[in-house]
> 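Sharing a structure here in structure tokens format.
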Amino acid sequence: MKILVCISHVPDTTSKINFTENSSKFDKNNVQFVINPNDEFGLTRAIWFKEKAGAIVHVINVGLHETEATLRKTLAIGADKAFRINIEPMDGYSVAKCISDFINEKDYDLIIAGRESIDYNGGMVPGMISALNNINFIDKCVGLEIEGKKVRACRECDGGKENISTTLPLIIGSQKGLVEESDLKIPNMRGIMMARQKELIVVEPGQIDIKSKSVNFEKPKEKAEVKLISSDNLDELINLLHKEAKVI
Amino acid sequence: MSVLIFAETERGKFKKDALELASYGRSISDEIKSKLVAICINSNNPEELSKYGVDKIICVNNNDLENFNSKNFSDCISNVFLKEKSQFLILSSSSNSRYIGGILSIYTKAAYVSNVFSKPTKYKPLQLRRNSFTNKAYETVEVISDKVIISLCRNSYGIIENKVKSEVVSETFKIANNDILVSSTEKLSDKVSIADADIVVSGGRGLKGPENWHIIENLADVLGAATACSKPVSDSGWRPHSEHVGQTGKPVASNLYIAIGISGAIQHLAGINSSKIKVVINTDPDAPFFKSADYGIVGDAFEVVPELIEKLKKFKSLNN
Ligand SMILES: Cc1cc2nc3c(=O)[nH]c(=O)nc-3n(C[C@H](O)[C@H](O)[C@H](O)COP(=O)(O)OP(=O)(O)OC[C@H]3O[C@@H](n4cnc5c(N)ncnc54)[C@H](O)[C@@H]3O)c2cc1C
């Protein structure tokens with residue numbers, strides 16, 4: 001089985017978010033970048049298939065040279081080969097199109113992409129790839145078993161879960177639950193050494209269109225001071241929620 | 001030309017999101033002077049949408065569409081989009097709608113903008129405002145396409161009545177074979193889900209252990225709320241993962257979010273910040289949550305919450 005995991009290179013969850021160039025661009029200064037958490041759950045499941053079933057695991061990122069440290073980390077965790085499509089990602093569509101074109105010439109059985117990235121929160125790449133390449137798609141995937149071409153998967157939906165049967169080739173939107181948090185792998189020394197020998201191939205993109213572009217960013221306004229209510233005066237809280245906030 | 005909304009139903013009834021989409025769609029239709037069309041699948045009462053400004057209600061009734069299937073639903077909606085020569089397709093932010101948003105944008109060759117929380121700020125070219133960086137920033141996006149799919153954040157526009165005379169039409173839809181088969185579903189409980197709830201009551205490590213969760217559940221019961229929890233609570237197995245909210249869990253965009261014994265770590269806040277009103281109950285006056293909340297009580301959850309429940313019961317009996 002050949003697996004491709006799409007890796008987004010995103011600011012760490014604790015990062016302070018700032019913008020530059022007249023608030024039109026994310027300020028990458030002093031920001032620690034990590035593997036997008038939703039992708040990391042997917043990558044861990046892919047490595048599981050490698051260890052248990054001899055799958056081959058490739059990773060791909062659409063991005064400039066700066067993302068290579070993140071790709072190296074995925075190699076250290078256990079991916080076999082990395083690809084970087086050398087273009088600054090402009091919108092969800094162009095990222096999906098780059099990966100879709102890349103997949104076209106290959107024979108991946110399973111493609112894994114995070115349900116959404118924690119930077120732009122588009123949540124569109126896996127669905128677009130599935131439609132562009134006409135392959136089955138399961139979003140918010142929290143369970144995945146594969147036997148031959150047969151797939152049994154579990155998807156989180158609002159208020160519950162769905163058990164789904166389908167076939168390869170398949171793309172999933174991965175998230176927490178696909179593997180447990182405690183299963184996530186921290187690269188060890190041996191992994192890091194081995195990663196240096198593994199191939200990281202830079203691919204030049206073809207002609208890529210975009211369908212949207214960022215104009216500017218704004219940070220939410222500082223919140224007004226909290227209204228403190230004494231714990232002996234809970235009627236006041238109820239009154240405020242009813243009359244002022246109108247939420248009960 | 002038209003604006004199309006996908007009005008979701010649950011067991012035949014329109015979800016609240018559907019009424020919000022209709023209200024939002026109406027305002028865009030008025031702005032660009034075009035018809036507002038809704039597609040609804042297996043609705044018992046399609047006429048209800050006329051109350052919220054929908055000019056044309058397209059009903060597809062088909063037993064094979066009783067359960068959500070991403071391929072069939074995408075085929076059905078994109079057919080209508082193309083037939084109605086729509087320029088806009090408006091989706092909710094439910095799990096099902098988010099599932100098909102990307103697929104639909106390829107089928108219809110439209111741009112796709114998710115997490116939108118306001119009306120377009122400009123039409124030529126089209127500009128939309130959305131949440132990004134997990135609620136740490138607002139982004140203005142310009143659409144480079146003559147067609148667009150918008151996924152609207154819950155509770156961001158509101159439901160506005162606007163009665164019109166609507167045309168209701170039935171359409172048949174032929175289901176193509178596909179090999180995504182939902183074999184079974186597991187409903188978590190009969191209670192309202194975090195995604196659909198107007199009020200969410202959430203507990204953190206301050207509650208000390210799973211045996212104390214009845215106070216969270218009782219408070220949720222009085223308010224008709226969904227229950228949620230912080231990440232360490234689900235990681236420790238006190239509560240199911242499905243209740244974990246925050247940056248790496250479920251997002252919350254309710255009207256009211258009540259945080260009990262939750263410190264307010266940045267990753268927690270990122271996921272719940274789009275809730276309208278936040279109440280925090282915490283023993284520690286320096287807990288960071290107080291900086292993000294609208295109302296706060298410095299106090300012990302084990303004393304405050306039971307008393308609050310009793311008072312709310314009284315309030316409810318007087319106000320219902
Ligand atoms: C990559 C990453 C992703 C993360 N994602 C998430 C996420 O999605 N969601 C999330 O929640 N966290 C997330 N976290 C964890 C986050 O950083 C915090 O550790 C977590 O939110 C803390 O949970 P808590 O508030 O329940 O516990 P604590 O921080 O331990 O807070 C407990 C609070 O309870 C109060 N308390 C104690 N006793 C009482 C009492 N009797 N009555 C009232 N109050 C009391 C205390 O004063 C304290 O403020 C993430 C962390 C990382 C590194």
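Every chain is numbered from 1 and lettered A, B, ... according to where its sequence line falls, protein lines coming before strand lines. In this text the structure is predicted, and so the values were computed from the model without any measurement.
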> Please state whether the side chain, the backbone, both or neither of A/Ser24 comes within less than 4.5 Å of a heavy atom of chain B.
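Nothing of A/Ser24, per the 4.5 Å heavy-atom cut-off to chain B.
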> Of the backbone (N, CA, C, O) and the side chain (C-beta and beyond), which part of A/Ser130 lies under 4.5 Å from a heavy atom of chain B, both, or neither?
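Only the side chain of A/Ser130 comes within 4.5 Å of chain B.
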> With a 4.5 Å cut-off on heavy-atom pairs, point out which of A/Leu228, A/Val247, A/Asp119 contacts chain B the most.
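Most pairs with chain B among the choices: A/Asp119.
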> How about NZ on B/Lys15, more than 12 heavy atoms from neighbouring residues, nucleotides or ligands closer than 6.0 Å, or not?
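Counting neighbours around NZ of B/Lys15, more than 12 heavy atoms of other residues, nucleotides or ligands fall under 6.0 Å, so yes.
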> Near A/Lys185 NZ, under 6.0 Å, is it more than 12 heavy atoms from other residues, nucleotides or ligands?
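Yes, because the 6.0 Å sphere around NZ of A/Lys185 holds more than 12 heavy atoms from other groups.
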> Let me know if A/Glu222 has heavy atoms under 4.5 Å from chain B in its side chain, its backbone, both or neither.
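Neither; nothing under 4.5 Å.
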> With only heavy atoms counted, which part of B/Val148 is less than 4.5 Å from chain A, the side chain, the backbone, both or neither?
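When you check distances to chain A, no heavy atom of B/Val148 falls under 4.5 Å.
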> Where does A/Lys223 contact chain B at under 4.5 Å (heavy atoms): side chain, backbone, both or neither?
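A/Lys223 touches chain B through side-chain heavy atoms alone.
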> Can you name the closest pair of heavy atoms from B/Val201 and B/Leu223 and give their distance?
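B/Val201 and B/Leu223 have their closest heavy atoms at CG2-CD1, 4.3 Å.
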> Report yes or no: does B/Arg98 contribute a side-chain atom to a donor-acceptor pair with the main-chain N or O of B/Ser151 at less than 3.5 Å?
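Checking the backbone N and O of B/Ser151 against the side chain of B/Arg98, no donor-acceptor pair under 3.5 Å is found.
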> What part of A/Glu180 gets closer than 4.5 Å to chain B, counting heavy atoms only: side chain, backbone, both or neither?
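Side chain only.
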> Of all of B/Ile266, B/Ile180, B/Val143, which one pairs up most often with chain A through heavy atoms under 4.5 Å apart?
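It is B/Ile180.
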> Which bit of B/Lys314 is near chain A, if near means a heavy-atom gap under 4.5 Å: side chain, backbone, both or neither?
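Neither part.
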> Checking heavy atoms, do the side chain of A/Lys161, its backbone, both or neither come under 4.5 Å from chain B?
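For A/Lys161, backbone and side chain are both near chain B.
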> Checking A/Pro11 against chain B: side chain, backbone, both or neither under 4.5 Å from a heavy atom?
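Just the side chain, heavy atoms under 4.5 Å.
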> Where on A/Pro37 is there a heavy atom nearer than 4.5 Å to chain B: the side chain, the backbone, both, or neither?
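Side chain only.
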> Please rank B/Ser292, B/Gly101, B/Ser242, B/Ser145 by heavy-atom pairs under 4.5 Å with chain A and give me the top one.
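Answer, by heavy-atom pair count under 4.5 Å with chain A: B/Ser292.
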> Just to verify, which of B/Ile103, B/Thr108, B/Ile106 counts as forming a side-chain contact (heavy atoms from CB on, under 4.5 Å) with B/Ser74?
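Looking at B/Ile103, B/Thr108, B/Ile106, the match for B/Ser74 under the side-chain contact (heavy atoms from CB on, under 4.5 Å) is B/Ile103.
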> Test your reading of the model: is there a side-chain donor-acceptor pair from A/Thr44 to the backbone of A/Glu40, 3.5 Å cut-off?
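Side chain of A/Thr44 to backbone of A/Glu40, a donor-acceptor pair under 3.5 Å: yes, one is there.
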> Shorter than 4.5 Å, heavy atoms on both sides: which option in B/Ser95, B/Ser193, B/Ser132 has the most such pairs with chain A?
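Most heavy-atom pairs within the cutoff with chain A belong to B/Ser95.
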> Checking B/Leu312 against chain A: side chain, backbone, both or neither under 4.5 Å from a heavy atom?
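Contact with chain A is through both the backbone and side chain of B/Leu312.
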> Kindly say whether A/Asn163 contributes a backbone atom to a donor-acceptor pair with the side chain of B/Ser183 at under 3.5 angstrom?
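Indeed, once roles are kept as given, a pair shorter than 3.5 Å links the two residues.
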> Determine whether B/Tyr138 and B/Phe117 satisfy the following criterion, ring-ring contact (aromatic ring centres under 6.0 Å, His included), listing intermediate values before the conclusion.
CA-CA 9 Å; B/Tyr138 306 135; B/Phe117 63 83; 5.1 Å; yes
> Distance to the ring centre below 6.0 angstrom and angle to the axis at most 45 degrees; does that hold for A/Lys211 and A/Tyr93?
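Judged by the rule (NZ or CZ under 6.0 Å from the ring centre, within 45° of its axis), A/Lys211 counts as positioned above A/Tyr93.
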> Go through the steps for A/Arg45 and A/Glu145 under the test salt bridge (charged side-chain N to carboxylate O under 4.0 Å, His left out), then give the verdict.
CA-CA 10 Å; A/Arg45 190 67 186 155; A/Glu145 304 295 338; 3.5 Å; yes
> Which answer fits B/Asn115, side chain, backbone, both or neither, if we ask what part of it has an atom under 4.5 Å from a heavy atom of chain A?
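Just its side chain gets close to chain A.
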> Which bit of A/Leu170 is near chain B, if near means a heavy-atom gap under 4.5 Å: side chain, backbone, both or neither?
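Neither part, no heavy atoms under 4.5 Å.
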> Quick check: are there more than 12 heavy atoms from other residues, nucleotides or ligands sitting under 6.0 Å from CD of A/Glu147?
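No.
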> Quick check: does any side chain N or O of A/His242 sit under 3.5 Å from a backbone N or O of A/Ile248, one acting as donor and the other as acceptor?
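Yes, because the side chain of A/His242 sits within donor-acceptor range (under 3.5 Å) of the backbone of A/Ile248.
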> Heavy-atom cut-off 4.5 Å, strictly under: side chain, backbone, both or neither for A/Ile138 against chain B?
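Interface part for A/Ile138: both.
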> Is it the side chain or the backbone of B/Ser234 that comes within 4.5 Å of chain A heavy atoms, both, or neither?
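Contact with chain A involves the side chain of B/Ser234 alone.
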> For A/Asp91 and A/Ser94, indicate whether the former's side chain and the latter's backbone hold a donor-acceptor pair under 3.5 Å.
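Looks like yes, one N/O pair under 3.5 Å.
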> At a 4.5 Å cut-off on heavy atoms, which part of A/Glu181 comes close to chain B: side chain, backbone, both, or neither?
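Just the side chain, heavy atoms under 4.5 Å.
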> Between B/Gly299, B/Ala195, B/Ser114, which residue shows the highest count of heavy-atom pairs closer than 4.5 Å to chain A?
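With the most close heavy-atom pairs to chain A, the winner is B/Ser114.
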> Checking heavy atoms, do the side chain of A/Phe137, its backbone, both or neither come under 4.5 Å from chain B?
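When you check distances to chain B, atoms from both the backbone and side chain of A/Phe137 fall under 4.5 Å.
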> By a 4.5 Å heavy-atom criterion (distance strictly below it), what part of B/Ala110 contacts chain A: side chain, backbone, both, or neither?
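Backbone of B/Ala110 only, per the 4.5 Å heavy-atom cut-off to chain A.
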> For A/Arg115, which atoms come within 4.5 Å of any heavy atom of chain B: side chain, backbone, both, or neither?
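The answer is the side chain of A/Arg115.
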> Given heavy-atom pairs under 4.5 angstrom as the criterion, report whether the side chain, backbone, both or neither of A/Ile17 touches chain B.
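For A/Ile17, the contact with chain B is made by the side chain alone.
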